[in-house]
Amino acid sequence: MHDFSCTNSEDMKYKLLAERTRYFKQDEKGVTNMCMAMEELITEDRIEIAEKMQEGGKLSPEDIALYSRLPLEKVKELSERIHHQDVTETEV
């Protein structure tokens with residue numbers, strides 16, 4: 001438990017955890033990888049929020065793009081996918 005409360009990898013007791021922490025916090029490639037992973041998680045969260053907004057049916061695509069901070073093109077793409085999915089489900 002001690003290592004999880006450390007902000008500096010040098011203070012960690014578990015060698016492997018210290019090495020991985022150092023990689024993601026101090027190595028250029030590790031920092032880049034961590035930034036990309038975080039951006040992907042944020043984007044996935046924004047997409048999920050936009051999909052829920054669209055399901056509510058009360059907001060325009062422009063408002064959804066504004067509130068979710070997704071590009072308008074992405075919101076329209078999600079809308080088409082949701083609409084296509086709805087049409088497919090009603091045909092079955």
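With side-chain heavy atoms closer than 4.5 Å counting as contact, directly or through intermediates, M36 stands alone and belongs to no larger hydrophobic cluster.
The side-chain contact (heavy atoms from CB on, under 4.5 Å) check on S5 picks up nothing, with sequence neighbours excluded. For E80, there are no side-chain contact (heavy atoms from CB on, under 4.5 Å) partners at least two apart in sequence or on another chain. Scored by the salt bridge (charged side-chain N to carboxylate O under 4.0 Å, His left out) test, R22 finds E10 as partners (sequence neighbours excluded). Under the side-chain hydrogen bond (donor to acceptor under 3.5 Å, both in side chains) criterion, E51 pairs with R81, sequence neighbours left out. With sequence neighbours excluded, the residues that form a side-chain contact (heavy atoms from CB on, under 4.5 Å) with C35 are V31. Under the rule for a side-chain contact (heavy atoms from CB on, under 4.5 Å), K58 has no partner lying at least two apart in sequence or in another chain. In this structure E28 satisfies the side-chain hydrogen bond (donor to acceptor under 3.5 Å, both in side chains) test with no other residue, sequence neighbours excluded. For the side-chain hydrogen bond (donor to acceptor under 3.5 Å, both in side chains) test, residues two or more places apart in sequence or in another chain that qualify with Y23 are N33.
For residues 68-79, the pairs satisfying side chain to side chain donor-acceptor pair (under 3.5 Å) are K74-E77, with sequence neighbours left out.
One hydrophobic cluster holds both L66 and L78 under the rule that ILVMFWY side chains link at heavy-atom gaps under 4.5 Å. A single hydrophobic cluster is seen to contain both Y67 and L70, as judged by linkage of ILVMFWY side chains at heavy-atom distances under 4.5 Å, directly or through other members.
Formation of a donor-acceptor pair under 3.5 Å by the D3 side chain with backbone atoms of K13 is found in this model. Side-chain N or O atoms of Q54 include none that pairs as donor or acceptor with a backbone N or O of I64 at under 3.5 Å.
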Please report, to 0.1 Å, the donor-acceptor pairs under 3.5 Å made by any side chain of residues 40-47, with sequence neighbours excluded.
from, atom 1, to, atom 2, distance (Å)
T43, OG1, E39, O, 2.9

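Taking each heavy atom of M12 and A18 in turn, the nearest pair found is SD-CA, 3.6 Å. Here the closest heavy-atom approach between residue T7 and residue K25 is recorded as O-NZ, 3.3 Å.
Rounded to the nearest 0.5 Å, atoms OG1 (T21) and CG (D27) are 12.5 Å apart. Here CD of Q26 is found 4.5 Å from OG of S9. Values are rounded to the nearest 0.5 Å.
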